[in-house]
Amino acid sequence: MKRNRNEANGFEMWGGYMEAKKTKLEKQFTEKAAGNNNHVKSQIFKGISIFVNGYTLPSADELKRIMMENGGVYHHYHRPNITTHIIASNLPTAKLKLLKQFKVVKPEWISDSLKEGKLLNYDGYLLFNDNPNQPKIDFPVRAKNASEPTFLSEFYNNSRLHLISTMATTFKHLVNDTRKRNQTDYPGRLRLKKWVEQNEVKDVLSHDSELDSGKIVMHIDMDCFFVSAGLVERPELRGLPVAVTHAKGNLSKKREGVDHGAEFGLYVKRWRGDDNEHDEENDEEEVREIKPRSTKRDGINETDSMAEIACCSYEARKLGIKNGMLVGQALKMCPALKLIPYNFEQYKKVALTLYTHIMNDYTLDVEAVSCDELYLDCSHILETTKASPIELATFLRKEIKEKTKCPCSTGIGSNCLLARLATKKAKPDGQFYLEPGIIMDFMRNIDISDIPGVGRTLGHKLSTLGISTCGELSALSLQTLQSEFGNKTGFSLYKHCRGEDDRKLNYDYKPKSVSADVNYGIRFQNKEESENFIKQLCDEVEKRLDDIEMNGKAVTLKLMIRNAEAPKESAKFLGHGFCDNITKSSSLTKSTSKSIIIFQVVNKIMNQLDIDPSELRGIGIQMNKLESRTVTRAGRIENFISNMKSDKIISTNVSEPKSFQCSSTDYLNKPKSVMDFFKPKEDLNSKKHLKVSNFKSNSPHESLANIKMSQVDPSFLDALPADLRLEIENELKANENLNFLTIPNENSSIMEVTMTEESSKLYQHVQIDQMKEFIEEWVVTENEPKTCDNIMVSKYLCNLVRDAKTEDAYEIIRKLYRLIKSKDQVVWKQSYFDILKDVQEIMLNLYNAKMKVETTFR
DNA sequence: ATCCTCCCCTAC
DNA sequence: TAAGGTAGGGGAGGAT
């Protein structure tokens, strides 16, 4: 998975996909990194090859670098006969047993060896060993709650919801990327065609020509996915009531401060609305009937397991077990229920098999819904194979079962809604074609809660209107529905209950927000702990933005805070309990992905809210208003210009230092992005010097700014107040690879920055070819030209002319002309003329002649 | 009218 | 013990 960079997370096997996906820029970066890594410092680890298992300190990434720089080898996978050492600081018992035969060594072995400059004996660093004089197993302290530094990664490694979320986005991206390839061969269609020809007699009736008209959508859904995938390696449990969960049995510790009854009561109270007058008895009735999420706490005592059942088999469902039910409750209902643990790797494997099979062999017209559920437009497949929808379903399901060893169900219909409802009817392990003629009858008896968008609340609201089926719902007028539920919701209810659904299959996935939320294990003692954790969340958000190469222009903070009436401890171990929720958002002046900036904003909100850290139960950080960086890249011209315009990039007299003011948010990204794109090639002399001065205050607190250390004139430290300077020096000591530095500056986001720079050198860094590429991207990706970008291009060209590189200028203008010619908007054409005007002016000045280029768009 | 913020709801 | 994430849609109500 491209979106996960370094962690050992099981997606490493997707290597081919990752490689194919790498953009040019990423390649440049990788090559650069590789180049640096070639710089071998020692041979300490010669002959050693490691595989890093789980979270370690130093990180897997860091260990990799250390190995590469010091003669060792880093394996992304454990290769039993080749990997010499497994590095881990924490292994679950099961895995530990499994790996007992191998050398499992603590990461300190590597860092200490490096420190000593020689390879130390690993005996003292074994995570466990068989020496009876030593403790058998050296268990590290496990991350208990979010105040521990390893909590986040451990949580992510165990959270099913995190997994299904990230997998869903991953597969949306996978579909996106796969669709970009030029595929003409669909071997599955050939197999199907052959099979249909051989089976011809069987299904004559379905070859109905009227069915061929219009779109045919197929919905594929794996049957109780986690269970099926889990049973691949436990075939002996097939046919039994099985549930996937963290709990190993119904054993739970009694904890102080827990009050199931009180907590449950609060949920119920909120659910039915605090201020409404109610008849007690009726309420109880109502609550039970509509089953709010909180009722799952009902009938559970303090020592019952509060773990959730992520997925249960159909046999278990027959006995009343439901997904999301608590283990304690489920075991009471069905003591024979078999509990099996999660197997995240297996889920990934099965899901990937499902997707690649369909996309390689049948069609690229796939909409990914989740790891185990997708829609496909089968019009083309049916057309080219002459198969009936049912034949396609039969054949495809057979193949999927062969490949994944898991059953799936498929529904077919003329739109997504019908296909989905058909799947529901087909389950388990079946198929159903909802033919046009039977839609009316079919819809009448469909439960309203099967309509997409109708969940707990809407379902309840409808039920109070005496409506439980689509038939009953269709009796309501559009107007009634809209006034009752709002315009859009009303309209879609109106359409959906009639089996109508205009939604097109969505193949293009464009993320609109990126977030990282944790509402489990949040227990802080003080502000330092909460801030540390928030920083980690910001890092996580930055990582996710980087992975999709986007920046966000707005930050939203979501908090869960223990409700004043809620028991001190939640019924669920380390759960959030009954909480009040708060969201606050803040817009940025400039889009960013930088953790440190996000933190800045979040921290400001946190300070305003002034919440006791010990009352926090959940934290989420979300980036909105996303912008793709390929678009931002044109914006980088803007940065380039706005940084330089006071310097007159082109003019010969540029060495004189200039001062300018900007708000810290404006400023933050600029040196980075400019330098990134206009990377000086091996040119250390033209280092950009930034000098920070005129701080308004000595006591650093709120506002922060970033300075890229490698570009900072060391003497700038002298200009800082003593305490600030100390802080910076400490931070430098703590991390020698520091690229960014936070410079707090209280009560003003304004700081003065003095820049000394020979701009002509900067200009030299932009190679002609790079500029061409750049311009192409600008014109292709931007909707309309920004003035500043116009100026940038124009100045660049003028500069070329001044440097007597008229040939190059000519070429670029030609290219620009061709690009703009294919654009419809007049503004682009205007842009061309503006740029041309500047160039011709210089031409006239210097050569007393105009350049011969196109001056009209025909 | 239209947009923005703060929710809530839903789905997997 | 337990791992209650994440993205998108949309409504209410206020600002423009």
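Letters go in sequence order (proteins before strands), and every chain restarts at 1.
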Point to revise | ring-ring contact (aromatic ring centres under 6.0 Å, His included) against A:Phe485, all qualifying residues, sequence neighbours excluded | key: none
Practice item. Kindly write out the residues that satisfy ring-ring contact (aromatic ring centres under 6.0 Å, His included) with A:Phe524, not counting sequence neighbours, or none if the list is empty. Key: A:Phe533
Point to revise | Residue list, salt bridge (charged side-chain N to carboxylate O under 4.0 Å, His left out) with A:Lys338, at least two apart or on another chain | key: none
Check your understanding: OP1 or OP2 of C:dA7 less than 4.0 angstrom from a side-chain nitrogen or oxygen of A:Ser515, does that happen here?
Key -> yes
Between the protein and nucleotides 2-5 of chain B, which nitrogen or oxygen pairs come in under 3.5 angstrom?
none

Check your understanding: For the pair made of CG in A:Asp372 and P in B:dA11, what is the distance, rounded to whole Å?
Key -> 15 Å
Practice item. Check side chain to side chain donor-acceptor pair (under 3.5 Å) between A:Ser165 and all other residues, then give those that pass, not counting sequence neighbours. Key: none
Check your understanding: Does OP1 or OP2 of C:dG4 have a side-chain N or O of A:Arg160 closer than 4.0 Å?
Key -> yes
Exercise for review: Using the test salt bridge (charged side-chain N to carboxylate O under 4.0 Å, His left out), find all partners of A:Glu302 that sit at least two apart in sequence or belong to another chain.
Suggested key: none
Study note, to complete from the structure: Quick tally for nucleotides 9-16 of chain C: nucleotides whose base has a protein heavy atom under 4.0 Å get B, sugar-phosphate-only ones S, the rest -, giving SSS-----
Exercise for review: Report yes if a side-chain nitrogen or oxygen of A:Tyr156 is closer than 4.0 Å to either non-bridging phosphate oxygen (OP1 or OP2) of C:dT6; otherwise report no.
Suggested key: yes
Check your understanding: Are A:His576 and C:dG4 stacked, counting the six-membered base ring, centres under 5.5 Å, planes under 30°?
Key -> yes
Check your understanding: Is it true that the side chains of A:Asn551 and A:Arg629 contain a donor and an acceptor less than 3.5 Å apart?
Key -> yes
Practice item. Apply ring-ring contact (aromatic ring centres under 6.0 Å, His included) to A:Tyr342 and list each qualifying residue two or more places apart in sequence or on a separate chain. Key: A:His246, A:Phe344
Check your understanding: OP1 or OP2 of C:dT6 less than 4.0 angstrom from a side-chain nitrogen or oxygen of A:Arg544, does that happen here?
Key -> yes
Revision key, fill the gap. Residue set satisfying ring-ring contact (aromatic ring centres under 6.0 Å, His included) with A:His496, at least two apart, ordered chain then number -> none
Practice item. State whether A:His162 places a side-chain N or O below 4.0 Å from either non-bridging phosphate oxygen (OP1 or OP2) of C:dT6. Key: yes
